[in-house]
A.B. asks: 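Have a look at this one.
Remember, predicted model here, so these are calculated numbers, not experimental data.
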Amino acid sequence: NAFVNQDDFKEVAEQCQMIGLLVWRSTPKIPEHQLDDTVRRALTDLKSSIDVIRDAVKLKAKQNLWLKAFHVAVNQETILKSIQEPGVLPVRSRVFVGRDGLVQRTTETLLGVHHVALIGPGGIGKSSVARAVLNDEAITSKFQNRRFFARFDDMDASQINLGTFLDRIARALGSSTSANVHDLISKALSTSDTLLVLDNAETFLDAPVDAGRIADAIDGFGARLNVAILITTRTTVLPPNIDWVRLRVPVLEESAACEAFKAYYPSIETPILIKLLAAVDFHPLSINLLAQAAVQNEWSSQDLMTAWDRQRAALLEAGDGKVQSLAITIETSLNSPSFCELGDTAHHLLHIIAFLPQGISKTRLTSIFPAIEKIDICADALCKQSLAYLNGDFITLLAPIRLYITSHYNGNPNPFLEQVRSHYVAHVSDSKIVAQDNVNIEHVLTHWLKASGDPADVLFSTAQFILTLTHYCCRSVSLHPVVSALKISKSRLQFSIRTLIFQKSTIIHAKSHCLLAISHLLHWTGQRNEAKETLAEAQALIFLSKDPHLFAHTEYVLAVGYYQQGNYLAAEETLQKALSKLSHVSTIFTFSTHTWKKLIKITLARLYMIQGIPNSFQDYIDALPMLRKEWYRKYISCYHITAGFTELYNKHLDGAKSCFNAMQAGRDNDELEWLIGLLGLAEVADQQHNYEESKALRSQLLESVQKMPDQTIPYVNEITALLAGYLAMEGHVEQARTFILPAVKNASNFLTLNTMKCKYFAGMVELAGKNFGKAERYFSEAIEDCFSFAELLYNARSHRALGEIAIVKQDMESARNHFEVTIELCKTMGLPKEHLFSDFRCCIPSERFNGWKLYQEGHSMFQVSSISCF
């Protein structure tokens, strides 16, 4: 008689389910025969009550009241089935390292009853973190038996709809399905503080059916103030009406990765292990798979490394299920409905990202693939599925994912590859793109050179890339073996004999040009022996070609190398040899010969100016119009830089200012040109005694350099070091140190000519600050670097500075020795002593350090007898 309406039936049925749930929570994992008499009687009484409800339902059914609506809702069998044990909570992983900070942050967030999404790619350890949080002492204390874990890793997105989703949660809560399962779950969650963990949430968040309704259901559960939800997911698309705290699960730190591996396989040398684990980006699942393979196969350290080198992908695919096989976890993402909807475009883009070592620039996606529709949407989808991630401006992949995609898919033709090649070839002279994408460009060119049937154009592009790299982002490359292996005789038989000869000549020209560029780069990176060998290889090709202009080009490049070393005498000798060779060239080559002769003569004039030879400046000024004509457009910045500093060197300040002002218009095309122009204008202002203007210009320059996104670019470090030198010279030593220290650190990552310059200016900063011990160390390190490059100018300057420090320490013998070395280096350079410091004022020690001046004047304190007495 108490059953008046529908709500009465539902309420009683739900109360029965809740009673059953409470009974099972109070008797976890206790078999029925071990229950005490009180509990057994309670269960018997509960079943009797259900029988009463059943009979009442039958009576109402006979009266044809609400039969259809409630037959399933309050069916005796359904209610009895609901009286079952909640899902058993998973325990913390046995091997769980390097995640304490993430567990703590997740725990603190959940304790504040906020919702957390642990986001990351497959195999990154999201579920392990969730299990650790679930078993955390503070979480257990707060939520006690109200902690529930629903896993979805054993289901496919195509199997999910609202019903199956709710059913899985209901089972985790200890309930079975019923017609009103959503309400049952809501009631179960409403009684007290509750933590609900939904593992592998991408399965239902990306469901092709009911995804919106599932999101609404989660929003409803999370809206309850007593409920905290923790989800683990690969996708970044979350239910919208919950204020999620999104926590990215990163790869392991190096030390934690090693600890995790050694938990399974302790007998491996740490250096070998670090090398191995770095190859998989310290990815947790990959670490586990490698360790298990080593244990199961009883491999030694060397066996493991050999197996890794031979069958990398196979080692990461062993096992079944998402938690045991990298292949399965990646394919799960690739087969997700939202990813499949994007079609071939997303797959092609993923393969290209795997092919490119750095990944692909997000900001330049549309310029790289101008004809591909929705390319940015596809890129976002890869990130949302955690297949890819954003590293700065680059969309890239973790090493295990890259390895899998490369080994399984990149054998297929990819229509996007040609567009990537075209983009990079069009920008091999672009300093910004080369600085940002140089690893990608090198990889693309290497791949192209190996595959090209007609490599001449690729070789010219490679040479230009190397030259740009040398000036803007100097580092070693691995292109030399690829270029060296190219056969000159490669040609196509269907061509005419004349065409074959022309093609062969073009390839010789291109290959020698490329080898020269590589030699120049090797010189800049301090690999002197390799530079000489590469140069000899280029010279052998040039001899084979019998082309005098190639010879002139080779000698010119060699002379430029000598010039950069400060070896002006050797540079002069090399240029004179090239000039002599060109003087015997037939008139058939008149135009090119004339150009080369002019270029060589103007370079000689510049060398003569540095050496202080009379009338050389006028010779240089007379040749400048030709230089402007020959370098117009492509090399106009070279003209402005060369002419501007030449005018400045010879105190022609108006001419210098004109050149440096002209460089200010080129900022959009070449930021380095603009920066050097500012530097030149500041020098002009100094020499005009307009010190306020010079300080303002250098302040603008420093601000611009510090804003550049990549502080490791060599010219950025060199300009920063130079400006730090000026700050120290003006008395701002502490401020100078804040700039010079990172500049030296960045410059030391790759040993180049810039490295020793940065160390020299670091010494000048400490010299100005009277920290003579540090200054001595920096100058000594600069000298060591100078030996690596056979550099003479900064070697001489550093010895002069060490001589000044020796005088401060009253070590006159050391001072005299350093000054003697300085004199000898000036002779080797062909540089007058008075021209040792003729460029930037900050290179010169302050006037209080006058030992060098006194030494040249023959002061008595430097005499041997005086030193002995001293």
Side-chain angles (χ1 to χ4, degrees), residues 10 13-14 17 21 68-75 77-79 81-82 84 86-87 115 117-119 122 126-127 130 148-190 194 196-224 227 229-242 244 321-323 328-329 331-343 381 384-386:
K10 291 175 65 177
E14 288 168 6
Q17 288 190 322
L21 191 60
K68 186 174 181 181
F70 304 109
H71 178 68
V72 176
V74 284
N75 180 275
E77 182 181 358
T78 300
I79 297 174
K81 281 184 178 179
S82 72
Q84 54 183 280
H115 310 299
L118 296 173
I119 303 172
K126 302 181 295 296
S127 298
F148 305 107
F149 187 92
R151 53 179 292 191
F152 292 85
D153 62 325
D154 57 345
M155 303 181 72
D156 185 79
S158 62
Q159 299 174 295
I160 292 285
N161 56 32
L162 180 61
T164 54
F165 169 73
L166 294 175
D167 176 59
R168 184 58 62 96
I169 294 180
R171 289 179 183 276
L173 296 176
S175 300
S176 287
T177 57
S178 67
N180 57 344
V181 64
H182 181 276
D183 292 340
L184 291 175
I185 293 171
S186 297
K187 286 282 183 76
L189 294 177
S190 66
T194 301
L196 177 62
V197 180
L198 305 178
D199 193 34
N200 288 93
E202 68 278 351
T203 307
F204 55 79
L205 293 176
D206 196 32
V209 178
D210 290 344
R213 296 175 67 193
I214 291 172
D216 289 341
I218 297 172
D219 288 340
F221 300 151
R224 298 179 179 276
V227 175
I229 299 176
L230 170 63
I231 68 171
T232 71
T233 177
R234 304 178 190 198
T235 180
T236 60
V237 181
L238 305 178
N241 296 319
I242 289 182
W244 296 100
K322 295 179 184 178
V323 297
I328 294 175
T329 193
E331 288 295 340
T332 299
S333 296
L334 293 178
N335 291 312
S336 68
S338 62
F339 187 78
C340 292
E341 285 177 5
L342 298 171
K384 287 175 181 178
Q385 287 292 331
S386 292

A.B. asks: Check the side chains of Thr235 and Asp206 for a donor-acceptor pair under 3.5 angstrom, ignoring hydrogens and angles.
C.D. replies: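 The answer is no; no qualifying pair exists.
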
A.B. asks: Write down the atom of Leu334, the atom of Cys340, and the distance for their closest heavy-atom approach.
C.D. replies: O-SG, 3.6 Å

A.B. asks: Are any of the side-chain heavy atoms of Ile119 and Ser386 separated by less than 4.5 Å?
C.D. replies: yes

A.B. asks: If I compare all heavy atoms of Pro208 with all of Ala157, which pair ends up nearest, and what's the gap?
C.D. replies: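 Closest heavy-atom pair between Pro208 and Ala157: CD-O, 3.2 Å.
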
A.B. asks: State, to 0.1 Å, how close Ile242 and Ile218 come at their nearest heavy-atom pair, and which atoms those are.
C.D. replies: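 Closest approach of Ile242 to Ile218: CD1-O, 3.4 Å.
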
A.B. asks: List the residues meeting side-chain contact (heavy atoms from CB on, under 4.5 Å) with Arg213, not counting sequence neighbours, and say none if there are none.
C.D. replies: Leu162, Asp210

A.B. asks: If you look at every heavy atom in Ala172 and Phe149, which pair is closest and at what distance?
C.D. replies: CB-O, 3.6 Å

A.B. asks: Looking at residues at least two apart in the chain, or sitting in another chain, which of them share a side-chain contact (heavy atoms from CB on, under 4.5 Å) with Ala201?
C.D. replies: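 Applying side-chain contact (heavy atoms from CB on, under 4.5 Å) to Ala201 gives Phe204, Leu205, Ile231, Thr233.
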
A.B. asks: Got a second to check how far Arg224's CZ is from Ser186's OG, nearest 0.5 Å?
C.D. replies: 4.5 Å

A.B. asks: First locate atom CZ of Phe148, then atom CZ of Arg171, and finally report the distance between them rounded to the nearest 0.5 Å.
C.D. replies: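 Interatomic distance, Phe148 CZ to Arg171 CZ, rounded to 0.5 Å: 15.5 Å.
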
A.B. asks: In this structure, which one of Leu118, Ile229, Leu230 forms a side-chain contact (heavy atoms from CB on, under 4.5 Å) with Val197?
C.D. replies: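 The side-chain contact (heavy atoms from CB on, under 4.5 Å) with Val197 is passed solely by Leu230 among Leu118, Ile229, Leu230.
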
A.B. asks: Ring centroids only, cut at 6.0 angstrom: are His115 and Phe221 within range, meaning strictly under it?
C.D. replies: no

A.B. asks: Hey, are Lys187 and Asp183 close enough for a salt bridge, meaning a charged N less than 4.0 Å from a carboxylate O?
C.D. replies: no

A.B. asks: Just jot down the side-chain contact (heavy atoms from CB on, under 4.5 Å) partners of Val209, sequence neighbours excluded, or say none.
C.D. replies: Asn161

A.B. asks: Does the side chain of Lys384 come within less than 4.5 Å of Arg234's, by heavy atoms?
C.D. replies: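 No. Closest side-chain heavy atoms not under 4.5 Å.
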
A.B. asks: How long is the gap from CZ on Arg168 to CD1 on Ile160, to the nearest 0.5 Å?
C.D. replies: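 If I round to the nearest 0.5 Å, the distance is 7.0 Å.
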
A.B. asks: Do the non-hydrogen side-chain atoms of Leu184 and Leu166 ever get within less than 4.5 Å of each other?
C.D. replies: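 In short, these two side chains do not touch, never coming nearer than 4.5 Å.
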
A.B. asks: Which pair of heavy atoms, one from Pro239 and one from Ala215, lies closest together, and at what distance?
C.D. replies: CB-O, 3.9 Å

A.B. asks: Are the side chains of Phe152 and Asp199 in contact, using a 4.5 Å heavy-atom criterion?
C.D. replies: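 The answer is no, as the side chains (C-beta and beyond) never meet within the 4.5 Å cut-off.
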
A.B. asks: Quick one, Leu198 with Thr232, criterion side-chain contact (heavy atoms from CB on, under 4.5 Å). Give me CA distance, side-chain angles, the key distance, then yes/no.
C.D. replies: CA-CA 7 Å; Leu198 305 178; Thr232 71; over 6 Å; no

A.B. asks: A side-chain contact here means heavy atoms from C-beta on lying under 4.5 Å apart; do Asn200 and Glu202 qualify?
C.D. replies: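 The answer is yes; the side chains approach within 4.5 Å.
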
